[in-house]
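Structure, as C-alpha cells:
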Protein chains: 2
Amino acid sequence: MITREADYGIRVLLLLARRERAGQGGESSVAIAEEMDIPYRFLRKLVKRMVAGRLLTSRRGKGGGLELARPAGRITLYDILEIMGPAGTRLSQCVATPGACRRAGTCRVHRVIGTIQTSVDRQLRAANLESLVD
Amino acid sequence: MITREADYGIRVLLLLARRERAGQGGESSVAIAEEMDIPYRFLRKLVKRMVAGRLLTSRRGKGGGLELARPAGRITLYDILEIMGPAGTRLSQCVATPGACRRAGTCRVHRVIGTIQTSVDRQLRAANLESLVD
DNA sequence: TCAAATGCTACCAATTGCGTATCAAATAAC
DNA sequence: GTTATTTGATACGCAATTGGTAGCATTTGA
Ligand code: FES
Ligand code: FES
C-alpha cells in the first residue's frame, strides 16, 4: 500500500509543479500545510525526507521555503515512491530483495510476480509530474 | 507486500495441486509442515483461513487432512491473495476503497494508479495453480 | 476407547504507520 | 544586532499489523 506519507508527498510535489508552471516561485511548509490540510508537523517530517531524497530543495530563514529539485518532467512517481515508501509498490520480498529466497531460481511464482512487478515499475516510471499537472 | 502468511499459503496450495496431479490424495497439516519447513502452529492458522475462504476443504479425525476445494485450474493467485492478504497487492487506499477519497474524481494520480492496479489484477487472475505446477 | 486430525480463542513480541513535541540553526528584514 | 520566520534533527507516543505460540475442544477412523 502507498502510505499516507507518500500520498501527501506526491500531492505536495504536484502543487509545487503547478506553481512552477504558473511562474510562481516556491512555497513555505506552513503555507502548504494550510493550503492542503496536512498537519504541519507531519508535513515537516515528510518534507525532510523529500529534501534528503533530492526531490526538493529547501531554503531556511525568512522568505525561505521549498522548491522542486529538478524540472517536473524529470520527477516520476517511481522516484517519489522509492523515497517515500519503498514497500508501497513492492509486491513481494522474494522479488524485491535478490537473494532473499533460495527458491528464486526455480520458483514459478517468483517468475509471475517478477513479471508483474516489472510492469508496475515501468508504468510508475512513465508517470512524471509534468504529465500529471494539466 | 505479499505477507509471509500468503506466501506460505500459495506454496501449500501448489504442493497439494502437484499431489493431486500425481494421483496422490490430500495431506495432513503435520505432514505438510514437516515437508515444507513451516512452523506447525503457524501453518494451522493459515490453513484455517484458507478453509474459511473456500480454497481448501478439510476432514477431521484419523486419516483426515486437506485437499484443494476445486480443480487447480480454477484457483488463481488473485483468489489466494484476496483471502490471505488483501492488502498485499493493493497499491493505494484511494483506489482500493471506492469513496475513500473525495478527490478521486478529478485526481490524476488516482487515474494512473487505478490503471496500474487493473493491470496487476488482470495478471494475477491469469495465473492459476495448474499453470504453475509443471 | 484411543490416537490422529482439525476448530477455536487467546496471547505475545517486534515492526510499521501516523502523528506530536522540543529545541537548534539559518537567514532576511528592520 | 535583534527579531521574526523558516527549515534541521531527534525523540516520543499510540494503534494496527505481522509472525508466531499455546491450550483446549471437537470430530472421526480403527
Ligand atoms: S518462494 Fe521465494 S521465489 Fe518463490
Ligand atoms: S488523492 Fe485520493 S485519489 Fe488522488
Side-chain angles (χ1 to χ4, degrees), chain A residues 1-9 11-12 16 25-67 69 81 83-90 92-94 96 100, chain B residues 1-9 11-12 16 25-67 69 81 83-90 92-94 96 100:
Chain A
M1 276 265 185
I2 292 173
T3 178
R4 183 178 295 253
E5 202 172 340
D7 188 55
Y8 284 160
R11 277 154 50 195
V12 166
L16 291 173
E27 201 170 17
S28 74
S29 291
V30 69
I32 295 176
E34 167 90 13
E35 195 170 336
M36 307 197 62
D37 247 347
I38 300 175
Y40 173 67
R41 296 287 187 176
F42 194 47
L43 175 67
R44 290 291 308 282
K45 188 162 73 166
L46 65 93
V47 153
K48 186 163 57 103
R49 263 176 94 171
M50 292 197 289
V51 170
R54 316 276 182 152
L55 295 174
L56 291 177
T57 56
S58 62
R59 237 181 43 248
R60 295 209 261 196
K62 212 165 190 171
L66 308 165
E67 255 181 335
L81 293 173
I83 282 159
M84 299 306 292
T89 57
R90 288 294 175 268
S92 97
Q93 191 69 41
C94 277
Chain B
M1 277 265 185
I2 292 173
T3 178
R4 183 176 295 253
E5 202 171 343
D7 188 55
Y8 284 160
R11 277 155 50 194
V12 166
L16 290 173
E27 201 170 16
S28 75
S29 290
V30 69
I32 295 175
E34 167 90 12
E35 197 171 335
M36 306 197 61
D37 248 347
I38 300 175
Y40 174 67
R41 292 291 189 171
F42 193 47
L43 175 66
R44 290 291 308 283
K45 189 161 75 166
L46 66 92
V47 153
K48 185 164 58 103
R49 263 177 93 171
M50 291 198 288
V51 171
R54 315 277 182 152
L55 295 174
L56 290 177
T57 55
S58 61
R59 238 179 44 247
R60 293 209 264 195
K62 213 165 190 173
L66 309 165
E67 257 181 333
L81 294 173
I83 283 158
M84 299 305 293
T89 56
R90 289 290 174 272
S92 97
Q93 191 70 39
C94 278

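In the text below, chain A, chain B and the rest are named by the order of the sequence lines, each starting its count at 1. Note that the coordinates shown come from a computational prediction; the quantities given were computed from them, not determined experimentally. Any value given below was found using the heavy atoms of this structure, including those in side chains, with hydrogens, waters and symmetry copies removed.
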Quickly work out the A:Asp37 CG to C:dC18 C1' distance and round it to whole Å.
-> 16 Å

Atom CD of B:Glu5 and atom P of D:dA16 are separated, to the nearest Å, by 19 Å

Do any N or O atoms from the side chain of B:Arg90 and from the backbone of A:Met1 form a donor-acceptor pair under 3.5 angstrom?
-> no

Between B:Leu66 and B:Leu16, what is the shortest heavy-atom contact and its length?
-> O-CD2, 4.0 Å

Whole-Å distance between D:dG20 P and B:Leu43 CG?
-> 12 Å

Could you give me the CA-CA distance, side-chain angles and deciding distance for A:Thr3 and A:Met84, then say whether side-chain contact (heavy atoms from CB on, under 4.5 Å) is met?
-> CA-CA 8 Å; A:Thr3 178; A:Met84 299 306 292; 5.6 Å; no

Phosphate contact (D:dT6 OP1 or OP2) by A:Ser58 side-chain N/O below 4.0 Å | no

When rounded to the nearest 0.5 angstrom, what is the spacing between CD in A:Glu34 and OG in A:Ser28?
-> 10.0 Å

What's the shortest heavy-atom distance between A:Ala6 and A:Leu81, and which atoms?
-> CB-CD2, 3.9 Å

Check whether any side-chain nitrogen or oxygen of B:Ser29 sits under 4.0 Å from OP1 or OP2 of C:dA5, and answer yes or no.
-> no

Protein-nucleotide distance (A:Tyr8, atom OH; C:dG17, atom P), rounded to Å | 15 Å

Give the minimum heavy-atom separation between B:Leu43 and B:Ser29, together with the two atoms involved.
-> CD2-O, 3.2 Å

Computed from five pairs at either end and rounded to 10 degrees, the angle between the axes of the helix from C:dT1-D:dA30 to C:dC30-D:dG1 is 10°

From CG of B:Asp7 across to P of D:dG20 the rounded distance in Å is 11 Å

Starting at CZ of A:Arg4 and ending at C1' of D:dA16, how long is that distance when rounded to a whole Å?
-> 14 Å

CD of B:Glu5 to CE of B:Met50: how many Å apart, nearest 0.5 Å?
-> 9.0 Å

Can you tell me the distance, in whole Å, between the CD atom of B:Gln93 and the P atom of D:dT17?
-> 11 Å

Can you tell me how far the CD1 atom of B:Ile32 sits from the CD1 atom of B:Ile38, to the nearest 0.5 Å?
-> 8.0 Å

Tell me: CE of A:Met84 to C1' of C:dT16, nearest whole Å?
-> 15 Å

Nucleotide by nucleotide, nucleotides 21-30 of chain C touches protein heavy atoms under 4.0 Å in the pattern (B base, S sugar-phosphate only, - none) BB--BBBB--

So, is B:Ser28 close to the C:dT6 phosphate, meaning a side-chain N or O under 4.0 Å from OP1 or OP2?
-> no

Minimum-distance pair of heavy atoms, taken over all atoms of A:Ala33 and A:Tyr40 | CB-CA, 3.9 Å

If you look at every heavy atom in B:Asp7 and B:Ile2, which pair is closest and at what distance?
-> N-CG2, 4.1 Å

CZ-CD distance between B:Arg4 and A:Gln93, expressed to the nearest 0.5 angstrom | 8.5 Å

With the criterion being N/O to N/O and under 3.5 Å, what pairs connect the protein with nucleotides 9-12 of chain C, and how long is each?
none

